[in-house]
Amino acid sequence: MAKDKKLVEAITSMNDDFAQWYTDVIKKAEMVDYSSVRGCMIIKPYGYAIWENLQKELDNRFKATGHENVYMPLLIPESLLLKEKEHVAGFAPEVAWVTHGGDEKLAERLCIRPTSETLFCEHYANIIHSYRDLPKLYNQWCSVVRWEKTTRPFLRTLEFLWQEGHTAHATEEEAQEETIKMLNVYSEFCENVLAIPVIKGRKTDKEKFAGAKATYTIESLMHDGKALQSGTSHNFGDGFAKAFEIQYTDKNNQLQYVHQTSWGVTTRLIGAIIMVHGDDSGLILPPVIAPTQVIIIPVSQQKEGVLDKANELLSKLSAKFRVKIDDSDKMPGWKFSEYEMKGVPLRLEIGPKDIEKNQVVLVRRDTREKIFTPIDDLEETVENLLIDIQKSLLEKARELRDKKTYTATTLDEFEQVLNTTPGFIKAMWCGEQECEDKVKEKTSATARCMPFEQEQISDKCMCCGKPAKTMVYWGKAY
RNA sequence: CGGGGUGUAGCGCAACUGGCAGCGCGCUUGGUUUGGGACCAAGAUGCUGGAGGUUCAAGUCCUCUCACUCCGACCA
């Protein structure tokens, strides 16, 4: 009866089928819906609210580091896209084209932006003339379209929301400084806001962005041991500047090319939140970005005074926190499960027994610990608990990642680890793409990044045995 | 783009060898309930993903197509 019923409603267990678990969670937590266009998702209010909170936190950080928001057009003329060779080669296979306006065929077809480097470059060429015009620190929030072969909500969709920063600087040093500065903004954001620990480092040439001189990345590890590239920051050098003729006159009246950067994060981060923190009861959201931080659930709400008290607590807490009340006539047990599925960090139960004792029951989503709290201490306790949940989510994620991080000194060992205990594998590399290709071919793992924090695992490349240059984090990636 | 799986009510599924399209959950109304997914009663809901074909008759057989999903390759 009640037990069978629970089985009907339950989601797939993570350990049984991680991919199915993921799909169940995003559907049951009402984050997305599928649309009639292949590979495109409808982001529902709950999913979008998470994006909005994430956006707010990031945008504040961009502004605090001197960046300004702009908006570039959705459409890019083909001739403009073709200007930088490597860049086109990287994106051409996956762009969508607009060929008609109404019934009329266009003289030049337009692509729907897969990314906006070319537009920013064209614009920069027009507005940058003097060293006094530099640096230009622009960012835009928009969506882009990439015609991917296979798609998954949040992780890979044809259209996705993102932010792309594009900056132009007078010198190589300044551009490099900006590239690293924004990578640090991302990693600080991931750890403090999303409670996701990341590995910072540089991409190998094989993995770097089309047209970039160097790509830096933050890599995180999901519950199933797969890596997720969570944000990138590119140093373009003056490659784009030369292709688009972005030049300025320096103090010595010499014509110089600018040095550029770009950096971005996407709605994919929501996928990371799900797969880093979630459990078999559903989502677990870090309090800082949770659309609802506290859900109030009245118990025996038809009894005199219960709803009044619950609403009183609602208005009291709303001054400081994002709080909601569920006074629908569903059973309390149903509501408990529902908000666990949605990952609300704290549940507040209030019923006749509590009112009698002038207390409430607080329940943490992450540990399910029940805390009986006097109403007089409520605000302080809630505040402390939210801070503690945020903190312990990060700690727990870091512990898990460290536990799933291994080392290997030979390719056999590497394969063995990857097949038995998927995760990050730290191993030495000679620097040759040949070895990178071989690893991928044999194991389907890729070089996730060359971390800033290097370790000497051994002195030989785990693949070819030649002297090693770099320690690399390897892994299977989303 | 290659390989597998799936499309039937909002969701999960059933319908044998081709023969009236059904069940559970959810939904609506009324009532009783409420500290871990309540109960009773009465209802509503379908061009079986789409197009063509075979047949007296198609959810079922054939052809094509679209979407979803998983596994690879490609990518944020």
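Below, each value reflects all heavy atoms present in this structure, side chains not excepted, and no hydrogens, waters or symmetry copies. All of these numbers come straight from a predicted model, not from anything done at the bench. Letters A, B, ... are given to chains in the order of the sequence lines, protein chains preceding strands, and every chain is numbered from 1.
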Item to check | B:U63 and B:A58, which share atom name C1', separated by this distance in whole Å | outcome: 15 Å

Checklist entry - Taking the six-membered ring for Trp, is the centroid-to-centroid distance between A:Tyr124 and A:Tyr138 below 6.0 Å? => result yes

Checklist entry - Using atom C1' of each nucleotide, how far apart are B:C70 and B:A57 to the nearest Å? => result 38 Å

Item to check | B:U6 - base-pair partner by Watson-Crick or wobble geometry, distances under 3.5 Å | outcome: B:A67

Checklist entry - Does B:U33 pair with anything, Watson-Crick or G-U wobble, both distances under 3.5 Å, and if so, with which nucleotide? => result none

Checklist entry - Rounded to the nearest 0.5 Å, what separation is found between the NZ atom of A:Lys181 and the OH atom of A:Tyr186? => result 13.5 Å

Checklist entry - Within less than 4.0 Å of OP1 or OP2 of B:C68, is there a side-chain N or O belonging to A:Arg152? => result no

Checklist entry - How would you label the contact of A:Thr157 with the nucleic acid (heavy atoms, under 4.0 Å): base, sugar-phosphate, or nothing? => result base

Next on the checklist: Given the ring of A:Trp147, does A:Arg156 sit roughly above its face, with NZ or CZ under 6.0 Å from the centre of the six-membered ring and within 45° of the axis?
Outcome noted: no

Checklist outcome for this item: Rounded to whole Å, NZ of A:Lys335 lies from P of B:A38 at a distance of 11 Å

Checklist entry - Atom CD1 of A:Ile355 and atom C1' of B:U34: how far apart are they, to the nearest Å? => result 14 Å

Checklist entry - When we call it a touch if two heavy atoms are under 4.0 Å apart, what does A:Lys370 touch: a base, just sugar-phosphate, or nothing? => result nothing

Next on the checklist: Using a 4.0 Å heavy-atom cut-off, does A:Arg146 contact any base of the nucleic acid, only the sugar-phosphate backbone, or nothing at all?
Outcome noted: base

Checklist entry - Nearest-Å distance, CD1 (A:Ile350) to C1' (B:G35)? => result 12 Å

Next on the checklist: Please classify the nucleic acid contact of A:Ser300 as base, sugar-phosphate, or nothing, using heavy-atom distances under 4.0 Å.
Outcome noted: sugar-phosphate

Checklist entry - Rounding to a whole Å, what distance do you find between A:Arg368:CZ and B:G35:P? => result 18 Å

Item to check | Integer-rounded Å distance: B:G35 C1' and A:Gln302 CD | outcome: 12 Å

Next on the checklist: Counting only side-chain heavy atoms from C-beta out, which of B:C70, B:U69, B:C1 sits nearest to A:Ala19?
Outcome noted: B:C70

Checklist entry - Can the positive tip of A:Lys342 be found less than 6.0 Å from the middle of the six-membered ring of A:Tyr46, inside 45° of the ring normal? => result yes

Next on the checklist: Classify A:Lys353 by what it touches in the nucleic acid, base, sugar-phosphate, or nothing, heavy-atom distance under 4.0 Å.
Outcome noted: base

Checklist entry - Among side-chain atoms of A:Ser116 and A:Glu164, is any donor-acceptor pair under 3.5 angstrom? => result yes

Checklist entry - When all nucleic acid strands are considered with a 4.0 Å heavy-atom cut-off, which category describes A:Ser444: base, sugar-phosphate, or nothing? => result sugar-phosphate

Checklist entry - Base, sugar-phosphate, or nothing for A:Lys330, non-hydrogen atoms under 4.0 angstrom? => result base

Checklist entry - Is the cationic atom of A:Lys226 (NZ for Lys, CZ for Arg) positioned less than 6.0 Å from the six-membered ring centroid of A:Tyr478 and within 45 degrees of its normal? => result yes

Checklist entry - NA contact type, A:Val144, heavy-atom cut-off 4.0 Å: base, sugar-phosphate, or nothing? => result nothing

Next on the checklist: Judged by each residue's nearest nucleotide on RNA chain B, which is more toward the 5′ side, A:Tyr34 or A:Glu148?
Outcome noted: A:Tyr34

Item to check | Side chain of A:Arg38 - closest among B:C1, B:C70, B:A67 | outcome: B:A67

Checklist outcome for this item: Taking B:A67, B:U34, B:A73 as options, the one with an atom nearest any side-chain atom of A:Val299 is B:U34

Checklist entry - B:G26 and B:G10: how far apart are their C1' atoms, nearest whole angstrom? => result 7 Å

Checklist outcome for this item: Correct closest heavy-atom pair for A:Val88 and A:Leu81 would be CG2-O, 2.8 Å

Next on the checklist: Please give the distance between the C1' atoms of B:C68 and B:U8 as a whole number of Å.
Outcome noted: 15 Å

Checklist entry - Less than 3.5 Å between a donor and an acceptor, one on the side chain of A:Arg347 and one on the base of B:G36, is that the case here? => result yes

Checklist entry - Any idea which of B:A73, B:C75, B:A67 is nearest the A:Arg156 side chain? => result B:C75

Next on the checklist: With a sphere of 6.0 Å drawn around NZ of A:Lys44, does it hold more than 12 non-hydrogen atoms of other residues, nucleotides or ligands?
Outcome noted: yes

Checklist entry - Within the structure shown, what part of the strands sits under 4.0 Å from A:Gly39 by heavy-atom distance: base, sugar-phosphate, or nothing? => result sugar-phosphate

Checklist entry - Taking a pair as Watson-Crick or G-U wobble with both distances under 3.5 Å, which nucleotide is matched to B:U28? => result B:A42

Checklist entry - Counting only distance, no hydrogens or angles, is the base of B:G36 paired donor-acceptor with the side chain of A:Glu340 under 3.5 Å? => result yes

Checklist entry - Paired with B:U55 by Watson-Crick or G-U wobble geometry, both distances under 3.5 Å: which nucleotide is it? => result none

Checklist entry - At under 4.0 Å between heavy atoms, what does A:Glu349 touch on the DNA or RNA strands: base, sugar-phosphate, or nothing? => result base

Item to check | C1'-based separation of B:C56 from B:A51 [nearest Å] | outcome: 23 Å

Item to check | Any-strand Watson-Crick or G-U partner of B:C1, both distances under 3.5 Å | outcome: B:G72

Checklist entry - Any side-chain heavy-atom pair from A:Val288 and A:Asn53 closer than 4.5 angstrom? => result no

Next on the checklist: Taking the P atom in each of B:G22 and B:U45, what is the distance between them to the nearest angstrom?
Outcome noted: 13 Å

Item to check | Nearest-angstrom distance, C1' atom, B:G46 to B:G53 | outcome: 24 Å

Checklist entry - If you look at every strand shown and take non-hydrogen atoms under 4.0 Å, does A:Leu228 touch a base, only sugar-phosphate, or nothing? => result nothing

Item to check | Watson-Crick/G-U partner (both atom distances under 3.5 Å) of B:U17 | outcome: none

Item to check | Whole-Å P distance, B:C39 and B:G4 | outcome: 44 Å

Checklist entry - Nearest-Å distance, OH (A:Tyr478) to P (B:G72)? => result 10 Å

Item to check | Between B:C71 (C1') and A:Asn419 (CG): distance, integer Å | outcome: 15 Å

Checklist entry - A:Phe209 or A:Thr23: which one's nearest nucleotide on RNA chain B is closer to the 5' end? => result A:Thr23

Checklist entry - What is the distance, rounded to the nearest whole Å, between atom NZ of A:Lys226 and atom C1' of B:C70? => result 10 Å

Checklist entry - With a non-hydrogen cut-off below 4.0 angstrom, is A:Asp354 in contact with a base, only sugar-phosphate, or nothing? => result base

Next on the checklist: Heavy atoms only, 4.0 Å cut-off, all strands: where does A:Pro352 land among base, sugar-phosphate and nothing?
Outcome noted: base

Checklist entry - Would you say A:Lys440 reaches B:C74's phosphate, i.e. side-chain N/O to OP1/OP2 under 4.0 Å? => result yes

Item to check | Minimum-distance nucleotide to A:Pro332 side chain [options: B:G35, B:A67, B:C1] | outcome: B:G35

